[in-house]
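Reviewing the structure listed below.
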Number of protein chains: 2
Amino acid sequence: MSQTPDSAVRTYIEQHSSAFLEDLAEWLRIPSVSAQPDHAPDVRRSADWLAAELRETGFPTAEVWETAGAPAVYAEWPSDDPEAPTVLVYGHHDVQPAAREDGWDSEPFEPVVRDNRLYARGAADDKGQVFFHTLGVRAHLAATGRTTPAVSLKLLIEGEEESGSPHFRALVEEHAGRLAADAVIVSDTGMWSEDTPTVCTGMRGLAECEIHFFGPDQDIHSGSFGGAVPNPATAAARLVAALHDEHARVAVPGFYDGVVELTDRERELFAELPFDEREWLRTAKSYAARGEAGHTTLERIWARPTAEVNGIGGGYQGPGSKTIIPSSAMVKLSFRMVAGQDPAHIEKVVRDWVATQVPAGIRHEITFGAATRPCLTPLDHPALQSVVRAMGRAFGKPVRFTREGGSGPAADLQEVLDAPVLFLGISVPSDGWHAPNEKVELDLLLKGVETTAYLWGDLARTWRHAP
Amino acid sequence: MSQTPDSAVRTYIEQHSSAFLEDLAEWLRIPSVSAQPDHAPDVRRSADWLAAELRETGFPTAEVWETAGAPAVYAEWPSDDPEAPTVLVYGHHDVQPAAREDGWDSEPFEPVVRDNRLYARGAADDKGQVFFHTLGVRAHLAATGRTTPAVSLKLLIEGEEESGSPHFRALVEEHAGRLAADAVIVSDTGMWSEDTPTVCTGMRGLAECEIHFFGPDQDIHSGSFGGAVPNPATAAARLVAALHDEHARVAVPGFYDGVVELTDRERELFAELPFDEREWLRTAKSYAARGEAGHTTLERIWARPTAEVNGIGGGYQGPGSKTIIPSSAMVKLSFRMVAGQDPAHIEKVVRDWVATQVPAGIRHEITFGAATRPCLTPLDHPALQSVVRAMGRAFGKPVRFTREGGSGPAADLQEVLDAPVLFLGISVPSDGWHAPNEKVELDLLLKGVETTAYLWGDLARTWRHAP
Ligand SMILES: [Zn+2]
Ligand SMILES: [Zn+2]
């Protein structure tokens, strides 16, 4: 491949980067928090904004697609090459909740650049990583002189990812014909570090539940009744305590059924990464690396299923004290699944187990949200090699392999569209997804632009559409 | 004893009951919540109101006493009989927090009478039970033709009981000379039921702590880090779960040190009470009677030490889900102590135990509030016999013995003033102390008035002041 397109790509990106960042900031100002009902109008505004922006970019088609929940955005830009493969890019335009008082140094929905980093909720997860495709495809066209992309490009940007994508599968099934693709590129993951570009080959699945424990019909006096009736906060605590055994394995019977264990080769690839546990702990803002016995930290976060308590509450949490036995308590649990685990089975075994854990005199209610399946890309897939080459050109470095501990609805696309799923992300662990002060590194964001500017040509050259 | 004073007492009470209830309602409208700093002015207003009311009642001295926290009220009315004993009545004018949305059928600080019950925060605990002394002493004087009470009467009504009486002991020590008494009557407990008048002979002590668990410096993504770092909500839950062993005994080593076990006679007296567990569960608004193995329900709530979680919180508790490992979690624990247990020892063994329970990578902070000591009245004390007789006259029924599971600073009075502590209360278990829809039975409230109208004469006749 010649050097001319690369420098042309870089020049184009350089010339357009400030307008690109201004546009991204405009999008980030829309607080499209899908988990909070009062932000529903903002999620819609975000979808409308993105559809207009994609039309502006040049996509001949850009539509807002309704779901039973928040709207998604769909865009397509067919290639004039009839043998070009079709690629569907997946991302999401909704974001996690965020409030200044959670510990943000600036308003979460008022983007600011400090030290060449763009701070805002959604900067990395996922608006930034959706947005690099807009400048990427224009750089690709400008540098190659084409008027249509080298591959037929489709974008599906959903609006409920941070709420567990409850209507995503139905949406994909409804529009399966228009979404048909030779490969899916998920643009909602990260890479190892600023210095070590990587391609992710799998994501964990996610099942979430909320359990309410009901004891006395109202808060009762802990002096008058304490020690003689069951306390629902104790029941909640005992359930959480029983979730893991002494080896930090999930103690729910049947939880590990079907788990695809790591191969020796995969464990080697993990071990080859420049992993510094002390540094990783700084990124995790944590003070101990602990988890399932017999596994390394990377194996624990990438390739092992887990159970975590995301929230617990019951009784009096205000200032001072209140000597009560609370009427109720609540826990929110989430389970990460790896390849081979089935969300329906997890829901069943968790429900069965919880029922055995709740003591007499305490009533419980358990509800599961929509689950996300785990997925895994074959290491030898030709499209994966294109992604590796495009990243290598953008970063000027060898590209290694990781997995992603988080979850996305990629497996639904894989299943419904019968297409392989690849991952392309430039976010780094310090970006603070779901946390205060989420940011994206501006240099990496532009490397994302550059990678996609190379990717479509590489894919079209090396992987022809099966006619 | 003649019947004349009894009917005179009853007539007097009947004639004055509606003004008495109107005055009480006025006091109950003052939201004197000591645990909530923004109610500090109301606690002061409550003290000022009570002091004025006691002067109105006839107490020649009624003063507001300052503490380092909320003010107390002190009043005295010396007897003209130089050999009369001195009795100090203890109660409190502060109340538990209450808000309509906690489940009240009417505003907690807007008293209403429904079905001959007066509903308001503080109706039973403790304003109602302090207030019956005002009409009681006037009925005593009116029926006996005296101009001063038959005993020298002192009242100490504190303003921080619901906050653990942090400055009460210092207050008592400061004013020990003026507070000197031959007996203390605590007017802040209840009786068995409307049909079974009882005298309480002991209260449990109370030690409270709040423990904070700190994990990651901020909430972190449970997909990216889950399964590989310790979760402070899990640590909080495991601590609560470890608080009791499989026999529902408190598992903190050293917790039971010094506990005075029940005698066979005391177990018999408990067993003689008409206890209907099903009925008791209705009062407890609970669905199972469970507790320390080897003890009955009454033993568990009256004579056994306990540990309860009053509040637990950590992570995301709002609507929907948030896939985080929370940065911190919190538990509020309370420990009830029985005679023989020492608060300082409990604090020490709990601190030591908690330190052993917190996992690596989690930092914890534990703070204890001011403790309340347990106390116990000798069954054969002559003043106790006077209380039993006065109640018997008012109720026209035999009076039995109970204990109180709750806690009050009575033991400080016993210790500092070197005086026996007795209990006189007319509240019943269904009154809903510390709960929504707290109420007092108006018939019982007036029996409380009547009991005190008899009590001072009985005490003066049967128990002379040691000169
Ligand atoms: Zn995302
Ligand atoms: Zn009280």
Side-chain angles (χ1 to χ4, degrees), chain A residues 35 103 163 204 208 215-231 233-234 237-238 240-241 284-291 297 300-301 304 306 308-317 320-325 332 334 336 360-361 369 405-407 433-436, chain B residues 35 103 163 204 208 215-231 233-234 237-238 240-241 284-291 297 300-301 304 306 308-317 320-325 332 334 336 360-361 369 405-407 433-436:
Chain A
S163 300
R204 293 196 288 192
E208 290 170 294
D217 287 338
Q218 60 186 37
D219 292 350
I220 57 173
H221 189 275
S222 67
S224 306
F225 303 108
V229 295
N231 180 328
T234 300
R238 293 182 86 104
V240 170
K285 300 187 183 298
S286 291
Y287 297 90
R290 280 158 47 97
T297 292
R300 287 168 183 163
I301 58 175
R304 298 301 300 167
T306 62
E308 290 288 348
V309 51
N310 309 117
I312 185 167
Y316 186 65
Q317 299 181 47
S321 61
K322 200 169 174 187
T323 48
I324 53 164
I325 295 174
K332 292 179 192 266
S334 62
R336 298 284 164 175
S407 308
W433 290 29
H434 297 205
Chain B
S163 300
R204 293 196 286 193
E208 292 170 294
D217 288 337
Q218 61 187 37
D219 293 350
I220 58 173
H221 189 275
S222 68
S224 305
F225 303 108
V229 296
N231 180 329
T234 301
R238 294 182 86 104
V240 171
K285 302 188 182 294
S286 291
Y287 297 91
R290 280 159 45 96
T297 292
R300 287 169 183 161
I301 58 175
R304 297 301 300 167
T306 62
E308 290 287 349
V309 52
N310 308 116
I312 186 167
Y316 186 64
Q317 300 182 48
S321 61
K322 200 169 173 188
T323 48
I324 52 164
I325 295 175
K332 291 179 193 267
S334 62
R336 299 283 164 176
S407 308
W433 290 27
H434 297 204

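Below, chains carry the letters A, B, ... as their sequence lines are ordered, and counting in each starts from 1.
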Can you say whether [X] sits under 4.5 Å from chain A via the side chain, the backbone, both, or neither, judging by heavy atoms?
X	result
B/K322	both
B/S286	both
B/Q317	both

Top residue by heavy-atom pair count (under 4.5 Å) with chain A, among [options]?
options	value
B/K285, B/H434, B/R238	B/K285
B/G215, B/G226, B/S321, B/A35	B/G226
B/I220, B/T306, B/V229, B/T234	B/V229
B/G406, B/G405, B/P230, B/G223	B/G223

When rounded to the nearest 0.5 Å, the distance separating CZ of A/R290 from CG of B/N231 is 11.0 Å
- So how far is it from B/D217 CG to A/Y287 OH, rounded to the nearest 0.5 Å?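 OH of A/Y287 is found 3.0 Å from CG of B/D217.
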Among [options], which has the most heavy-atom pairs under 4.5 Å with chain B?
options	answer
A/G315, A/G361, A/S407	A/G361
A/S334, A/A284, A/G320	A/A284
A/G314, A/A289, A/G103	A/G314
A/V240, A/I301, A/I312	A/I312

So which heavy atom on [X] is nearest to which on [Y], and how close?
X	Y	answer
B/I324	A/N310	O-ND2, 2.7 Å
B/P436	A/D219	CD-O, 4.4 Å
B/A435	A/Q218	CB-NE2, 3.2 Å

Checklist line | Residues that A/S224 engages under side chain to side chain contact (heavy atoms under 4.5 Å, CB included), provided they are two or more places apart | finding: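 Side chain to side chain contact (heavy atoms under 4.5 Å, CB included) list for A/S224, sorted by chain: A/H221, B/E404.
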Check your understanding: So, do A/S222 and B/R336 sit near enough that their side-chain heavy atoms are less than 4.5 Å apart?
Key -> yes
Can you name the residues that form a side-chain hydrogen bond (donor to acceptor under 3.5 Å, both in side chains) with A/R300, not counting sequence neighbours?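 Residues passing side-chain hydrogen bond (donor to acceptor under 3.5 Å, both in side chains) with A/R300: none at all.
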Turns out that what part of A/R304 lies under 4.5 Å from chain B's heavy atoms comes down to neither
